[in-house]
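Working notes, beginning with the structure itself.
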Amino acid sequence: MEDFASKQVTENLDEPPNSRLFIVTCRSMSEDVIKDTFAVFGDIQAVWVVKDKQTKESKGVSYVKFAKSSQACLAMEEMHGKVVIEGTKPIKVFIAQSRSSGRHRDVEDEELTRIFVMIPKTFTEDDLKETFKEYGDIEYCVIIKNKFTGESKGLGYVRYYKPSQAAMAIENCDRGYRAILAEPRSKTNSAEGEYAGGGGGGGAGARFDQHGGDNMNPYPFAPMGADPGNYQMADYRSSDVMTRCLMLSSRAAVTQEQVYALFDIIPGMDYCELQRDAYGLSKGHAVIRYNNLGSAVYAKEKLSGFEYPPGNRLALSFIDDGDDRNSPVGRMAMQFVAAQMMSTLWNGPSGNQLLKTATSFPGAPAAPRIQADLSLPAIKKLAPQDSKVKERLFVVFSPSPLSMDVLEDVFCRYGSLIEVHLVPGRKVGYMKYADKQCADDAMAALHGHMVNGVRMKVMLADPPREESHKRPRTY
DNA sequence: CGACGGGACGC
DNA sequence: CGACGGGACGC
């Protein structure tokens with residue numbers, strides 16, 4: 001059983017971390033004595049006495065590999081400074097530097113006694129201490145908090161008195177705490193500049209920043225304070241003249257295909273082209289022409305202020321295509337009638353609410369904020385939040401993700417949807433279903449289709465990586 | 001192409 | 001002061 005086959009040992013030398021001892025002995029200490037001395041502390045996987053290549057005499061240095069870090073630490077704590085052979089110097093015992101680290105500095109207790117854990121945000125430092133004291137006496141506990149609000153970041157440090165205690169905590173505490181050895185404070189962390197002042201989650205923060213940028217340059221149709229939703233009427237109050245031709249202004253880069261797909265949802269588009277500069281780059285402007293006034297008026301009303309991609313409010317204005325020259329008064333009247341007619345035809349009496357970002361409420365008539373290239377069934381109730389997930393769909397969005405509420409609105413319509421999960425910073429998401437057939441139906445119906453100008457690939461998700469017993473996230 | 005599960009301390 | 005051997009699966 002103790003066949004220290006050499007090759008296996010080399011590969012597992014630093015696995016798990018800190019499970020190997022570096023021992024300084026007198027030169028007469030044999031491998032057998034070392035083995036017998038240290039076997040009482042745990043499962044020894046290898047013993048190696050370093051010898052001079054020529055004389056084959058011991059250099060007074062040995063390595064002992066244990067199965068666990070806690071065993072190695074315990075052996076170190078118990079044996080360091082002990083006289084093993086009467087009349088010789090006491091031995092020195094350290095945790096060996098990992099072979100790949102290349103340096104030979106002693107590993108100090110400082111580096112082995114403090115652990116770093118993820119905890120519920122509701123945890124106090126007393127809770128932390130109560131949770132981790134079973135592995136050994138705790139010198140102190142600290143929870144990382146937001147400096148301004150005092151809110152816990154869900155991260156904590158626990159300092160033990162002995163390396164074996166920290167190792168026991170790491171080995172035996174609930175995996176949900178994700179306990180690891182803490183990096184010593186002294187060494188200045190590189191790559192910190194990026195996170196200056198920010199606080200947590202990069203993706204969400206970045207998106208907020210973008211919204212902030214928008215707010216610096218408010219559009220007239222996207223009022224920030226009270227009285228949202230009257231931007232549609234601006235045209236009737238202004239001297240702007242309605243035409244069949246629209247100019248799109250987008251702050252974010254958009255492609256020809258995106259603009260085409262978005263405006264083609266409204267029937268009657270007969271021309272759509274991005275304006276490009278001398279270098280062929282998009283200037284964020286596009287011209288869209290419809291073959292009838294009603295469609296153009298409708299497009300302007302409903303897509304002005306629409307977020308595409310999310311966070312980027314589109315601006316639309318009528319432009320003169322040089323055609324359409326009738327008597328101004330008669331034209332205005334005709335256009336107004338056309339607009340009213342289109343609005344009623346498409347949306348019913350409450351058409352002006354289209355494309356607002358209000359969340360849908362089950363039971364109410366389908367909120368007319370979804371533009372899709374397929375006919376969607378009616379909204380269905382979500383499955384209870386604690387339903388067992390029977391199937392997950394993996395959805396890829398192009399060119400950018402849809403919002404959570406739009407996705408919920410669309411993917412709930414095939415039944416049993418439990419939850420929408422968007423992966424922050426990525427253009428993918430997961431839809432959890434309580435019924436396999438419903439998930440299959442949703443996939444069959446929605447794969448390859450377009451919602452609010454966003455193309456979706458809808459596939460069965462790969463099974464999640466099984467990590468046996470993960471504590472439910474509470475933070 | 002397009003994948004979930006994370007992470008750092010005012011000395 | 002006191003830091004890294006021996007040997008080599010089978011695609």
Side-chain angles (χ1 to χ4, degrees), chain A residues 4-11 13-14 20-27 31 46-53 56 58-63 65 89 91-107 114-119 140-148 153-159 175-192 195 197 199-203 392-399 401 421-432 455-467 470-475:
Chain A
F4 304 141
S6 38
K7 64 168 193 274
Q8 199 156 19
V9 166
T10 22
E11 284 169 13
L13 233 47
D14 295 315
R20 195 172 58 124
L21 294 180
F22 168 61
I23 305 169
V24 181
T25 69
C26 62
R27 297 178 186 275
E31 177 172 324
V47 176
W48 172 32
V49 178
V50 179
K51 292 171 185 157
D52 184 282
K53 280 211 167 55
K56 290 163 90 175
S58 166
K59 291 163 82 172
V61 166
S62 300
Y63 294 93
K65 172 71 174 71
K89 291 201 291 190
I91 64 171
K92 301 181 201 171
V93 184
F94 306 92
I95 293 293
Q97 282 285 359
S98 72
R99 272 203 116 169
S100 52
S101 81
R103 295 184 312 177
H104 286 173
R105 178 183 55 86
D106 292 346
V107 178
R114 194 175 65 141
I115 65 171
F116 180 50
V117 294
M118 307 185 77
I119 50 177
Y140 70 81
C141 288
V142 178
I143 286 173
I144 303 173
K145 304 185 186 102
N146 181 303
K147 275 68 171 194
F148 308 109
K153 290 186 177 173
L155 299 168
Y157 294 99
V158 179
R159 173 77 77 179
R175 297 173 60 90
Y177 293 116
R178 300 267 132 167
I180 58 173
L181 273 184
E183 292 290 332
R185 263 193 113 225
S186 54
K187 68 157 76 168
T188 45
N189 250 337
S190 55
E192 275 294 292
Y195 299 94
R392 292 191 316 156
L393 297 180
F394 176 57
V395 185
V396 182
F397 306 99
S398 176
H421 170 59
L422 284 176
V423 180
R426 309 244 100 119
K427 299 187 288 190
V428 302
Y430 296 87
M431 310 296 147
K432 299 180 188 174
R455 180 83 61 191
M456 300 182 296
K457 292 187 195 175
V458 185
M459 292 150 284
L460 292 182
D462 291 339
R465 241 184 53 181
E466 279 308 334
E467 192 144 335
K470 192 171 78 78
R471 192 172 58 105
R473 286 180 69 168
T474 49
Y475 47 91

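Chain naming here is simple, since letters A, B, ... match the order of the sequence lines and numbering starts at 1 in each. Being a predicted model, the structure only gives us computed values, none of them experimental.
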Those residues at least two apart in sequence (or on a different chain) that pass ring pair (Phe, Tyr, Trp, His ring centres under 6.0 Å) with A:F397 are none
Take the protein atom NZ of A:K56 and the nucleotide atom C1' of C:dG6, then report the distance between them rounded to whole Å.
12 Å
At under 4.0 Å between heavy atoms, what does A:F397 touch on the DNA or RNA strands: base, sugar-phosphate, or nothing?
nothing
Check every strand shown and say whether A:V395 touches a base, only sugar-phosphate, or nothing at a heavy-atom separation below 4.0 Å.
nothing
For the base of B:dA8 and the side-chain ring of A:Y157, does the geometry meet a stacking cutoff of under 5.5 Å between centres and under 30° between planes?
no
A:D106 CG to C:dC1 P, straight-line distance once rounded to whole Å:
12 Å
Of the candidate nucleotides B:dC4, C:dG5, C:dA3, which contains the atom at the shortest distance from the side chain of A:A96?
C:dA3
OP1 or OP2 of B:dG10 versus the side-chain N and O atoms of A:R185: is any pair under 4.0 Å?
no
Have a look at A:K51 and say if it touches a base, only the backbone sugar-phosphate, or nothing, with a 4.0 Å heavy-atom cut-off.
nothing
Aromatic rings A:Y430 and A:F394: how do their planes relate, parallel, tilted or perpendicular, breaks at 30° and 60°?
tilted
Grab the CE-P distance between A:M459 and B:dG2 for me, whole Å please.
11 Å
Considering only side-chain heavy atoms of A:R392, which listed nucleotide, B:dC9, C:dG2, B:dC4, is closest?
B:dC4
Whole-Å distance between B:dA3 C1' and A:H421 NE2?
9 Å
Judged by each residue's nearest nucleotide on DNA chain B, which is more toward the 5′ side, A:A461 or A:F116?
A:A461
Between A:I95 and A:V107 the two heavy atoms that sit nearest each other are O-CG2, 3.4 Å
Counting heavy atoms from C-beta on, name the nucleotide in B:dG2, C:dG2, B:dC4 closest to the side chain of A:V428.
B:dG2
Please report the distance, rounded to the nearest Å, between OH in A:Y177 and C1' in B:dA8.
19 Å
Picking from B:dG7, C:dC4, B:dG2, which would you name as closest to the side chain of A:V396?
B:dG2
Verify stack between A:W48 ring and C:dC4 base, 5.5 Å, 30 degrees:
no
Under 4.0 Å from OP1 or OP2 of C:dA3: is there any side-chain N or O of A:R99 that close?
no
Closer to the 5' end of DNA chain C via nearest nucleotide, is it A:K59 or A:K53?
A:K59
Could you state the atom-to-atom distance from CG of A:L13 to C1' of C:dA3 in whole Å?
12 Å
A:K147 (side chain) and B:dG10 (base): donor-acceptor pair under 3.5 Å:
no
Of all heavy-atom pairs between A:A179 and A:V117, which one has the smallest distance, and what is that distance?
CB-CG1, 3.6 Å
Candidates B:dC4, B:dC1, B:dA8 - which lies nearest the side chain of A:K457
B:dC1
Does a distance-only test, which skips hydrogens and angles, find a donor-acceptor pair under 3.5 Å between the side chain of A:R114 and the base of B:dC9?
yes
Measuring from atom CZ of A:F22 to atom OH of A:Y63, what distance do you get when rounded to the nearest 0.5 angstrom?
5.5 Å
Side-chain donor/acceptor contact of A:R426 with base of B:dC4 under 3.5 Å
no
Centroid distance below 5.5 Å plus an interplanar angle below 30 degrees: do A:Y63 and C:dA3 meet both conditions?
no
For A:I144 and B:dC11, what is the distance between atoms CD1 and C1' respectively, to the nearest whole Å?
15 Å
When all nucleic acid strands are considered with a 4.0 Å heavy-atom cut-off, which category describes A:R20: base, sugar-phosphate, or nothing?
base
Within the structure provided, determine whether A:I23 and A:V61 are in side-chain contact (heavy-atom separation under 4.5 Å).
no
Sorted by chain and number, sequence neighbours left out, salt bridge (Lys or Arg N to Asp or Glu O under 4.0 Å) with A:R27 holds for none
Specify the separation, in whole Å, of atom NZ of A:K427 and atom P of B:dC1.
12 Å
Is A:V142 touching bases, backbone alone, or none of the nucleic acid, heavy atoms closer than 4.0 Å?
nothing
Ring-on-base stacking B:dG2 with A:F394 (under 5.5 Å, under 30°):
no
Look at all strands and tell whether A:I180 reaches a base, only sugar-phosphate, or nothing, counting heavy atoms closer than 4.0 Å.
base
